[in-house]
Amino acid sequence: MKNSSNKLIEFLNTDKSFQFFSTKIEEELTLGRKKVIAGKWYFRDLKDYEESINDKKSFLISNKINDEKDLKDDYIYIQNLLNVYSQNIGKYLNKFHNVEFDQRYWDIIILPWLITYLPTQLYRWRIVNKAIYEDRQLIFSDLDQEEIIPNTTLDYLNLIRENNQFNHQVFKRILNYLKVNENKKIKFIKSKKKSDNKKIKKKKLTKINLLFYKFLELISIIVSKKNLIYIDDHLFRKKILLQLNFNFKQFPAFLFFKNYENLIISDSNHSNKKREKIDNLNCRELNKKDLFTNYLDQVIKFDIPRCFLENYKVLNKSVETIKYKPKIIISAYHYHNERFKLWIAKNVKDCKTLFFPSSHGGGNQLMFSACYQFEKKICDKKIVWTKPRESNDIQLPSSKFIGFKNNRSKKIFITYVEMPSTKYPLRINGDEHQSYFKNLKNIEYVKKYLKEEFFHQFICLRSGGENILERKKVIKLLGKKYIDKKLSLHKYLDKSKILICAYPETAFLEGLISGPTILINNFTRMPLNDSSNNIHKKLIDCKISFESIHEAVLHLNRVAYDPYIWWNSKEVQNTVFEFKQRFCKIENKPVNSWKNFIREELKKII
């Protein structure tokens, strides 16, 4: 099977038509023509993919990013789209709800959705356009299925990364647009089999459930309504959360339960007719030769989750009962909680509350972070672990690592931490696509080439990703050596003599702070936010970072008997110290730094 898009015409040869497969569910209607496949998610597993490599009737579309310039161009392009579409959606929502709220209000609410929506749509748009070639007819299976509309930001995230039917729907709509508006040679073949939509499970609405969550929130509001500061209860360990609140003579507030939100949102209240009537999303500020934005102008109003449109009023009404108006809000977990975002936006707009979002993971150390630095548009100051990269950033000691144990005591296991992997890609840089079977490949290599005495000590920890097919293969390969529990790193880090991280984000920081850790990462695809590349080079030179599992296993075989001989060397420790200083600030008295920061900000407004 060929897998280079510039060889598509060579693959098709004299064939005047081919069948395009965007998801595995379309395989039900295979016509016997040559197959052009959207991505590796089409295959059942690594074996299925490898067996198809020599299949002369299959062609895999590539989305390979070749250099840092391509990554940078895409990053800037999406940032521009975020700016334009957030403004236009804000105007659209004002008309839809017959209000006149400022742009910042709507940005706080919709940008956490847009940072996922825009790159995932662009990724699929590019795949489809790479599959289309001049006079060759593309044939696509049109499955009989109900339209799937996400209720919330989190619904969209879960659907686009895991759901076959939803991804089929997205690809189908792109193809239909190109056929109707760009006269591309695309033919839809109706499938007689009705697709089985797997709807998101939702708790049944009951008055008892609602009363229970209302009661919990009421009690919390009574206890904390005079608080000057709201500190997100997920941001710190409970002991530190209490310590900070008590320092300002207040009790913590516990609000915005996700189950409450799920109970009051309706998935039947949807009106395409009303969405169609308000035409305020044509982004004329953008280059009209850009076909992708032309496409978005037509479809985005129908993609906006119900929580911003049809369910906005019921959510907003539930927030209006929260009679708590702090002077400062500090949060890191508002992205996927719609009521929380509405409450923040309302307080910022009506009460001039200061909003300080905080980093909650290691993504900010990447040059091209998945959040596209959107917080700079909505915050007064952003609290970061890294050296500041935006004008309103402020570096404070990492909230996650306050009270974190900075050494390991038991040192039993050689622990591999999986790279989070989803079935369908979330990021435009294509790394998830290129490394779709990365964990499985790495572990197969470790099992084969790591010395037997060290493999006895080897375990693998499940990631937060949901690539179930890959996980099943890894479990079959490792048996009891695979720890199939989420958040298991917290339990096994102290027992690890060496930690192996397959990606350069939060888990890598947890390892680096506490003891011997190695990283497997291609810095071309996932570069650090370090313009001089000094830290990146030092990580490689002192054998902390490796581009391939082959190099990493060679190093493990040399040092795994007593990794602290290597780890405690001056070169390694200097590099670790420099990395922490730049990307994860650690202090002896970190709580004092947070207290001082909050106290100084309060002084400015009281």
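- With Tyr492 as the aromatic partner, Lys485 does not meet the cation-pi criteria of under 6.0 angstrom to the ring centre and within 45 degrees of the ring axis.
- Remark: Glu338 engages Lys341 in a salt bridge, criterion side-chain N to carboxylate O under 4.0 Å.
- Side-chain contact between Ser545 and Phe523 is present, with at least one heavy-atom pair separated by less than 4.5 Å.
- Note on Arg275 versus Glu310: salt bridge recorded, some NZ/NE/NH1/NH2 to OD/OE distance being below 4.0 Å.
- Under a 3.5 Å cut-off, the side chain of Glu470 and the backbone N or O of Ser421 do not form any donor-acceptor pair.
- Taking the ring axis of Phe96 as reference, the NZ or CZ atom of Lys274 stays within 45° of it and closer than 6.0 Å to the ring centre.
- Among Tyr92, Tyr312, Tyr85, the single residue meeting the ring pair (Phe, Tyr, Trp, His ring centres under 6.0 Å) criterion with Trp106 is Tyr312.
- Taking the six-membered ring where tryptophan is involved, the planes of Phe374 and Tyr335 are perpendicular, since the angle between them exceeds 60° and thus also 30°.
- The pair Lys172-Asp142 meets the salt-bridge criterion, since a charged nitrogen lies less than 4.0 angstrom from a carboxylate oxygen.
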* To do: Could you walk me through whether Leu440 and Glu444 pass the side-chain contact (heavy atoms from CB on, under 4.5 Å) test, one step at a time?
  => CA-CA 6 Å; Leu440 181 58; Glu444 283 180 336; 4.2 Å; yes
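- Between Tyr75 and Tyr372, the distance from one ring center to the other falls under 6.0 angstrom.
- Two residues are said to be in side-chain contact when any heavy atoms from C-beta on lie closer than 4.5 Å; Arg33 and Ser17 meet this criterion.
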